[in-house]
Amino acid sequence: MSDTHAQTVPYVRESMLPQAEPPVAERGVVKWIRENLVSSWLNAILTLVSLYIIWWVVSHVWGWFAGSVWNAGSLTECREILAGEEGACFAVIAERWNQLVFGFYPPELYWRPLLALALFFAAIAPVLFPERVPRAMFVVTAAMPFVNVWLIWGGSLWGPIFVALGFVAGWGAWRLAQPRLGVLAGAILSVLAALLWWGVVTGWASPDFARILPLDLQRVTSRDIGGFLLSTIIGLSAIILSLPLGILLALGRQSDLFIINKVSVAFIEVIRGIPLIVWLFTAQLLLNYFLPPGTNFDLLLRVIIMVTLFSAAYIAEVVRGGLAALPRGQYEGADSLGLSYWQSMRLIILPQALKISIPGIVNTFIGLFKDTTLVVFIGLLDPIGFSNAIRASTDWNGIYWELFVFIGVLFFIFCYSMGRYSLYLEKKLSREHR
Amino acid sequence: MKKSVFLGAATVACLGAGAAAAQTLESVQENGVLNCGVSTGLTGFSSPNASGEWEGFDVGICRAVAAAVLGDPMAVNFVPTTGQTRFTALASGEIDLLARNTTWTFSRDVDLGFSFAGVNYYDGQGFMVPRALGVSSAQDLDGATVCIQTGTTTELNLADYFRVNNISYEPVPIETNAEAQQQYLAGACDVYTTDASGLAATRASFENPGDHVILPEIISKEPLGPLVRQGDDQWADIVRWTLNALIAAEEYGVTSTNVSELASGTDNPEINRLLGSEGELGAMFGLENDWAQQAIAAVGNYGELFEQNIGESTPIGLARGLNAQWTDGGLMYAPPFR
């Protein structure tokens with residue numbers, strides 16, 4: 001405090017006081033605690049109770065985690081090592097790690113699914129982060145589905161190549177026919193060209209190519225694919241396939257064309273109105289009766305198709321919500337610019353509608369990914385199925401929590417990253433003034 | 001009721017498929033591999049080991065049939081099936097043989113259109129209680145709470161047994177065996193009831209198995225056996241006689257270690273016919289004459305198979321009981337090989 005001017009004019013201070021620290025109770029940690037934890041008597045009591053509950057849970061679980069045994073051959077051995085102490089027996093994960101992740105996939109070929117996963121990430125990078133990854137990477141995106149099928153199931157590369165060339169044939173027919181004959185005829189011709197390619201040219205030429213240049217990988221049957229690999233294959237295939245299908249269904253439901261509209265509505269309502277587990281049983285059991293005997297329609301493929309259709313119906317409804325949220329002016333504006341239906345959808349309507357739908361779409365994907373565990377009921381060995389099978393061996397009979405914790409953590413990592421990406425995307429795309 | 005209507009319709013639907021798939025043996029030999037349905041996991045009966053090979057008592061039956069038909073016990077495609085999918089998998093031809101602890105009942109044999117090839121394990125429903133309860137007989141269980149899997153025959157057997165004996169109980173419904181173990185250990189029920197082999201396997205997994213007793217009463221008949229589609233008698237015969245060969249081998253003292261030595265000929269004509277050094281038994285159903293020798297060499301005789309997977313030397317520790325040879329007071333009795 002300054003004394004020099006203190007008495008010059010009574011009651012008036014002419015000089016500034018040096019800045020003082022706020023009182024202890026009004027700054028830093030103390031302030032935060034006062035405001036957030038003990039702002040009233042009731043809150044203080046609730047804080048204490050909550051802290052006690054957290055401590056109780058952590059102290060119980062921590063002992064179990066801290067005492068974990070990672071190296072033992074069976075549950076009995078684990079118990080001997082623990083000698084009555086509390087502790088988890090994560091040795092089961094150490095021993096069965098390969099099975100939980102890859103199923104019965106031949107161990108010497110583990111590099112193939114891993115490479116496929118790396119390729120998958122390389123392929124979705126330009127889709128997820130278009131401004132940071134060069135556009136040339138879209139070549140990888142286009143090739144990824146075909147290469148990955150080859151990597152995971154093996155066999156000759158020529159099969160996937162000819163399937164891919166069929167799409168190229170369809171696209172070529174579209175480019176040739178559409179300017180001359182119009183959209184509808186162009187679409188029909190393009191589908192016909194692709195079918196012709198797959199039906200005639202592939203069967204005739206692909207064995208010859210395979211003879212000249214084999215490009216063979218050892219075959220792995222779907223029966224050998226299990227564990228987390230199985231969940232990932234079903235989940236990611238269904239996610240990739242169901243998004244375009246769902247968007248088409250949503251547009252179909254909004255369409256003025258009578259048949260397209262009614263077919264879309266019927267499809268969405270029927271698929272959505274019946275539980276996924278029923279569709280899975282249909283895929284596993286009933287289809288066998290309707291297909292001619294001896295046909296070998298891969299069970300995994302059947303499951304992927306069912307899960308894809310199921311989630312497409314949900315995506316369609318989410319996207320329809322986005323379409324409905326757009327003001328009528330956007331549609332009219334597109335029309336007044338003279339854009340065709342597909343141009344207006346591609347350039348004006350869908351970019352806005354999809355942006356609105358992102359949280360719903362990602363939510364559906366996360367749900368779909370976790371729903372893949374339902375395949376345990378049709379005898380496929382996904383991680384949950386393997387936890388039962390592992391428990392059935394005499395070594396590990398009676399072990400529960402360790403397996404479920406492990407499976408839960410793996411699923412959490414996947415679902416949480418999807419959720420974080422959706423948040424990032426929403427922030428990036430947000431154009432509103434906030 | 002609904003289920004039987006559904007399965008009945010499914011059976012009718014598959015009759016067409018059944019006729020086309022009559023020659024199971026030929027298709028198995030052509031493919032060079034046997035599609036065998038097993039449980040997705042049942043302690044001692046079927047489970048994959050750490051290197052991914054299936055092991056267990058039911059798995060042994062699959063391997064024995066594969067050895068008899070194809071000469072290679074490893075030429076088996078194991079198809080894990082659940083309680084719901086097992087019958088349709090067999091009816092639709094996805095699998096050629098179902099060895100999945102399936103109880104032989106009238107309606108399954110007659111109405112569903114399957115042929116049971118015999119019994120590889122005589123099971124029955126039993127009770128497990130904590131030793132501290134001081135109960136020595138199921139008759140003392142008046143007023144007890146019982147953990148019971150819903151929607152199974154065990155639930156019906158339990159109700160019948162308590163009604164016949166005029167005692168009361170309080171059921172605690174649970175969904176799976178894993179849940180039952182947790183509930184029972186947590187003290188949610190006094191008694192756990194399921195098949196005796198399952199009880200033994202469950203008890204073996206406890207931290208202190210000695211604290212729990214399995215009561216002597218067995219209240220139901222559960223003959224478990226392998227089954228095939230009806231309408232292909234040759235294939236049913238092959239599975240039936242492969243099982244019989246394993247049982248007969250134990251009776252005559254043929255084991256996996258001495259089978260190749262005995263196959264060169266013995267002074268017991270029954271063994272000679274079984275192992276193919278005398279007569280043409282194998283040729284009668286379209287196999288090599290050494291089919292039984294292959295099967296026994298692959299998995300051992302019935303007694304060896306039992307001891308290896310569920311017998312007293314394993315943690316499960318089941319006694320032979322009803323599953324002993326008829327000469328030892330059990331029910332295992334193979335018809336003569338001639």
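The structure displayed is predicted, hence computed values, not measured ones. Order of the sequence lines fixes the chain letters, A, B, ..., with proteins taken first and strands second; residue numbering starts at 1 for each chain.
Closest heavy-atom contact between B/Ser205 and A/Asn397: CB-O, 3.1 Å. The shortest heavy-atom contact between B/Pro48 and A/Ser393 is O-CB, 4.5 Å. Scanning both residues, B/Phe78 and A/Arg223, for their nearest heavy atoms gives O-CD, 4.1 Å.
The candidate with the highest count of non-hydrogen atom pairs below 4.5 Å against chain A, out of B/Glu94, B/Glu53, B/Arg86, B/Glu55, is B/Glu94. For the set B/Pro315, B/Ser27, B/Ala50, the count of heavy-atom pairs under 4.5 angstrom toward chain A peaks at B/Ala50. The candidate with the highest count of non-hydrogen atom pairs below 4.5 Å against chain A, out of B/Asn49, B/Ile316, B/Leu185, B/Thr81, is B/Asn49.
For A/Trp401, the CH2 atom counts as loosely surrounded, since its 6.0 Å shell holds 12 or fewer non-hydrogen atoms of other residues, nucleotides or ligands.
Proximity to chain A (any heavy atom under 4.5 Å) is shown, for B/Thr314, by neither the backbone nor the side chain. Heavy atoms closer than 4.5 Å to chain B are found in the side chain of A/Arg96, but not in its backbone.
At a heavy-atom separation below 4.5 angstrom, chain A is approached by B/Thr40, B/Gly41, B/Leu42, B/Thr43 within residues 30-43 of chain B.
Atoms OG1 and CZ, on B/Thr82 and A/Phe281 in that order, are 5.5 Å from each other to the nearest 0.5 Å. The distance from the OG atom of B/Ser47 to the CZ atom of A/Phe386 is 11.0 Å, given to the nearest 0.5 Å. Atoms CG and CZ, from B/Asn208 and A/Arg79 in turn, are 8.0 Å apart once rounded to the nearest 0.5 Å.
The backbone N or O of B/Ala89 sits nowhere less than 3.5 Å from a side-chain atom of A/Gln284 that would complete a donor-acceptor pair.
Residues B/Thr85 and A/Phe377 are not in side-chain contact: their nearest non-hydrogen atoms beyond the backbone lie 4.5 Å or more apart.
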